[in-house]
Structure formats: structure tokens, C-alpha cells
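Throughout, a chain's letter reflects where its sequence line sits, starting with A, and its residues are numbered from 1.
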Number of protein chains: 2
Amino acid sequence: MELGTETEAKIIQAATEVFLEKGKDGARMQEIAGRANINKALLHYYFRSKDKLYEKVFREKVFRFLDELFSSVPQTDDIKIVLKEFTANYIDLISSHPELVRFILWEIRRGGQYMSDALRDIFAKHGFTKFPFLEKVQNAISEGTIRPLDPLHLIISVIGICVYPFIAQPLLENAIPGIQISSEGFLQKRKEEVFNLIWEGIQP
Amino acid sequence: MELGTETEAKIIQAATEVFLEKGKDGARMQEIAGRANINKALLHYYFRSKDKLYEKVFREKVFRFLDELFSSVPQTDDIKIVLKEFTANYIDLISSHPELVRFILWEIRRGGQYMSDALRDIFAKHGFTKFPFLEKVQNAISEGTIRPLDPLHLIISVIGICVYPFIAQPLLENAIPGIQISSEGFLQKRKEEVFNLIWEGIQP
DNA sequence: GTCTATACATCGATAGAC
DNA sequence: GTCTATCGATGTATAGAC
């Protein structure tokens, strides 16, 4: 388990920037080398190919993101607190890594294999056998805290509600004058509206 | 206003396929020519460059999609019917073009200019001055049919809920064994769960 | 309009000096 | 480890015969 050299770190840094901006196919090894202030040959010395470099960058970025995401699932069994905190944390997390959304979208469009692998790794690391959410929702239904519903669909909806504004960010900011998705004001309001909609939507 | 030749249609068809599969940068003119059963030279005869061809394909595809989407907003003022029909229609529409959705979203994260242009054109064509939804929601709030909330956030949430399963489709189908996003069973269930969550979520 | 042949640039990747 | 130089493949685009 090495820490990696300084040059390696510079390459990863530069590669991340370029891959995020241009996508895998649009990215050029020349540009990555340029931003890292080295030459192309050195890129291939450290990482064997463009594919390997991309995989390394993607895995690292996404793994950290998912790790942070799943660490933000509250420990309590109180479904109201779980939902409130998770949505707020999730929105905060995404808003502080807006570029990453594009990266992940790109990868999913390509088939989503890396993402699935990363998810599996995260599950293994945290010892999950299923979405940590799922069980809490099922329990809440059994106890009658929330109305009967399909937990899987609820989770999909919650994630969709949280993540969509950031996916559509350029479009929304272009189509709706004055809106600023990443502004503190919008995020604050968004968290309230999201939680209210979901919470009211699942009352018995 | 010509109808275009048969060859032109073949090219558009092939180009659409390849661009959707590989993205703009990943697409190769050679492959497009191959699928259209012509040679590369003819591509440049009909469309001057790869850029022009891409723009043409994207604009056409997206315009039709948005046109269909906005045509599916029900005419009635009954907010319950509006929501029920719109979500159902929207989910149906997306499920019949899942690759297009992922493509559009990726394109949006690239800057979204084409999309914004297309949106503006659609608004102009239908004579909208704002989201047709917005006014209906505002009226429903004034009449007390639904609780006070921010209409803009509601719309964002509704769209997010509908579209997200298809964005994450490859990931979901990989991570959750047995799930089939585009299957009739899932879609049917999805429509019910989505409407229930939203409708219950906005009750006074 | 459609083809073959080819120009020209750029890509990822490698060889070899230091 | 780091560089220059360059390879072979492939990309977009064009010239010119038919």
C-alpha cells in the first residue's frame, strides 16, 4: 500500500480534471500531460494506457463519493429523522461535488459496470447486504409509522428528487432566469421542500 | 422545406444510433457510414462536418421529444388529473426512449446550450410563456386544493421522480437482481407509487 | 450523387538516450 | 524517472473520376 509519488498525484489530479470536463473519449492524453506539466511518455510510464488511467481516476473519485454518501445515513431508527437528515446530507454532498454528477452520468450511460462495482465494494466495506434504507422503511411500515408502500420505489424517488436538480442544473439555470442551484438560498429551500413532500407523502 | 433524400434519411438514422451509443466524441464517421451502407465521402457531401451532423441529429431528436412531452400536459385545470396523467404519460414517453434520456442528460451536463435552445423553440411553438404546469399548481394553491408550497420545487421534484429510474437504469438493473425498469410490471407499479407519493405529499 | 483514393492532422503508445 | 522522437493506426475531410 504505497502513498504514490508526487508526480503520480499530479497526473491523477490533471487526469481527473480533464476526464470530468471532456468525458473519457473527449479527453486527450496530451492535455492531461500538459496540465500535469509532464509529457505523454511519462503518462504511459505511470499508467499503462488511457483505459487504466481512466479506471483508476473513476474508481477513486466514485468510491470516495459513495463512501461519504453511505456514511451519511443516520444511525437512528426514527424514520422521520432518517429521511430528514439523509436528504439534507445527500443534497449537501452532491452540491459540493457537482462535477462528479456528470462523471457518473457518463459512466452509467456507458453501461454502469464501474459504478456497479463501486457500489458492491462499498456495500462490502460497510457490511451492508441491502440498502441500509430499505430495512428502516420496512420497519416503519410494519409499525404503522408510515403508510404501506413499496420501499424500493420510495428510495428511488427520494434519490431522484435529491439528485435531479444537479443533473439538470445547466438547463434549469438557463431556462429559469435568476435561479442558482448551488446557491445557499436554493439549497436551503430545496431541503425543506423535498422533505415536506416526501414526509407528507408517506403519512398513514 | 425539402423532405430530404432517401440517402439523407439513412444517414440521419445511422448517425442517431451511433451518437446515442457512443456519444459525440466516441462516435466515428466510419461507423456511421458503414451502418448507412455508404462511404465516408458521402457523409461529408450531405453534411459538411461531424459537428454539423451531430447538431442536426441532436436538434431533431430533442425537439421531437420535447414536443411530445409538452403535448402530453393535460388540458384540464383539475390538478389531480393533471398530475396523474402527466406523470403516467411522462413515464411512458421516457420508457420508450431510455437511451435518448440518458443522452440528453449527459448533453445537459456538457453545458446544455442545445437543450436550452430546443426548449425555447418548443415554448415559442406552443405559445408558452412559462411552464404550463406552473400556473395550474399556483391556482390549486390559491383555491386550497393543495397545500401551500413552492410550485417550482414541486415541478422539479415531479420531473426528477419520473425520470430518475431511467437515468439510473443500467445501475439499478445491475445492483438489484430481478428488476427490469422497462418491463410493463415495473412501469405500472411505478406510476401508481409516484402519483400516490406526490398526491399525498401535497394535500392541504 | 456516388464512388476510390488520398491528404493531412492527431491520437495512443513505444523505443531508446540520458 | 524523465525526456525527445517517432511509430502505426485512425480520425476528419477533400480531390477527382465516373
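Between Arg28(A) and dG12(C), a side-chain N or O to OP1/OP2 separation shorter than 4.0 Å is present. His44(A) has a side-chain polar atom (N or O) that falls below the 4.0 Å cut-off from OP1 or OP2 of dA13(C).
Aromatic ring orientation, Phe123(A) versus Phe131(A): perpendicular (interplanar angle above 60°, classes split at 30° and 60°).
The nucleotide range of DNA chain D contacted by chain A, defined by atoms under 4.0 angstrom from heavy atoms of the protein and reported 5' to 3', is dG1(D) to dT4(D).
Leu134(A) contributes atom CG, which lies 8.5 Å from atom CD1 of Ile176(B) (distance to the nearest 0.5 angstrom). Rounding to the nearest 0.5 angstrom, the gap separating the CD atom in Gln75(A) from the NZ atom in Lys136(A) is 6.5 Å. Within the model, atoms CD of Gln203(A) and OG1 of Thr145(A) stand 9.5 Å from one another, a figure rounded to the nearest 0.5 Å.
Going from atom NZ of Lys40(B) over to atom C1' of dA9(C) covers 13 Å, rounded to whole Å. Atom pair Ile32(A):CD1 and dT10(C):P shows a separation of 18 Å (rounding to whole Å applied). Protein atom NZ of Lys22(A) is 10 Å distant from nucleotide atom P of dC11(C), rounded to whole Å. At whole-Å resolution of the value, CG in Asn39(A) and P in dA13(C) are 15 Å apart. As a whole-Å value, the separation of Leu43(A) CG from dA13(C) P is 10 Å.
Taking the centre of each ring, His97(A) and Phe166(A) stay at or above the 6.0 Å mark. The aromatic ring centroids of Phe19(A) and Phe58(A) lie 6.0 Å or more from each other.
Among the heavy atoms of the strands, none lies under 4.0 Å from Ala33(B).
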